[in-house]
Amino acid sequence: MKLKQVVVTIALLANGFGAHAQEPQTPSDFLTAFATEATRQDPQFRPDPGRSAAFFRKRFAQNDRMPSCSSCHTENPAQAGKHVITGKAIAPLAPRANPERFTNPRKVVKWFRRNCKEVVGRECTAAEKADFLAFLLGA
């Protein structure tokens with residue numbers, strides 16, 4: 001799916017397929033959008049921050065230099081991190097520590113796609129993204 005299609009899909013999901021759907025603008029909007037999509041795939045799905053906390057810290061075999069999300073983002077997503085390869089500073093992931101996080105649909109799509117592929121070895125599912133946002137909103 002192309003970036004524009006993904007952004008439109010997120011916007012439609014977040015707004016219940018309304019005629020004047022707007023793109024998600026808050027972390028909660030994105031959580032709702034991803035949870036809606038995950039529920040379509042599994043009607044029993046409920047976002048679980050604990051499940052995502054474990055996912056965030058899990059060591060994947062995909063990349064030795066970036067084995068987990070916390071490799072760059074630290075064990076505490078409310079703290080700033082640093083890219084383990086480039087050394088570039090990374091602002092906190094948690095929206096309470098960084099109010100700009102998860103407010104731009106293009107950035108949300110871009111970074112989920114890139115980071116999931118680099119660390120996990122595949123794109124993350126809608127359920128994983130919903131869990132992740134539920135985790136970060138509580139961090």
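Nearest heavy-atom pair across Ala80 and Pro92 is N-CG, 3.7 Å. Annotation for Ser71 and Val84: closest pair O-CG1, 3.1 Å, computed over non-hydrogen atoms.
In this view, Phe55 and Phe60 satisfy the ring-ring contact (aromatic ring centres under 6.0 Å, His included) rule, not counting sequence neighbours.
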Problem set entry | Stepwise side-chain contact (heavy atoms from CB on, under 4.5 Å) check, His73 with Asn115 | CA-CA 11 Å; His73 294 287; Asn115 290 338; 4.2 Å; yes
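With rounding to the nearest 0.5 Å, the separation of CZ in Arg59 from OG in Ser68 is 6.0 Å. The line from CZ of Phe112 to CG of Leu133 is 5.0 Å long, rounded to the nearest 0.5 Å. Taking NZ of Lys129 as the start and CG of Leu31 as the end, the distance is 13.0 Å to the nearest 0.5 Å.
Environment of CD in Gln41: crowded, with over 12 heavy atoms of neighbouring residues, nucleotides or ligands closer than 6.0 Å.
Within the 4.5 Å cutoff, the side chain of Val108 has heavy atoms near those of the Phe34 side chain. Using a 4.5 Å cut-off on side-chain heavy atoms (C-beta onward), Lys117 and Arg122 make no contact.
Side-chain contact check for Ser28 and Thr26: no donor-acceptor pair (N or O, by modelled atom type) lies under 3.5 Å.
Listed by first then second residue, pairs satisfying salt bridge (Lys or Arg N to Asp or Glu O under 4.0 Å) with a partner in residues 68-83 read Arg57-Glu75, not counting sequence neighbours.
Using the six-membered ring where Trp is involved, Phe132 and Phe102 have ring planes that are perpendicular, over 60° apart on the 30 and 60° scheme.
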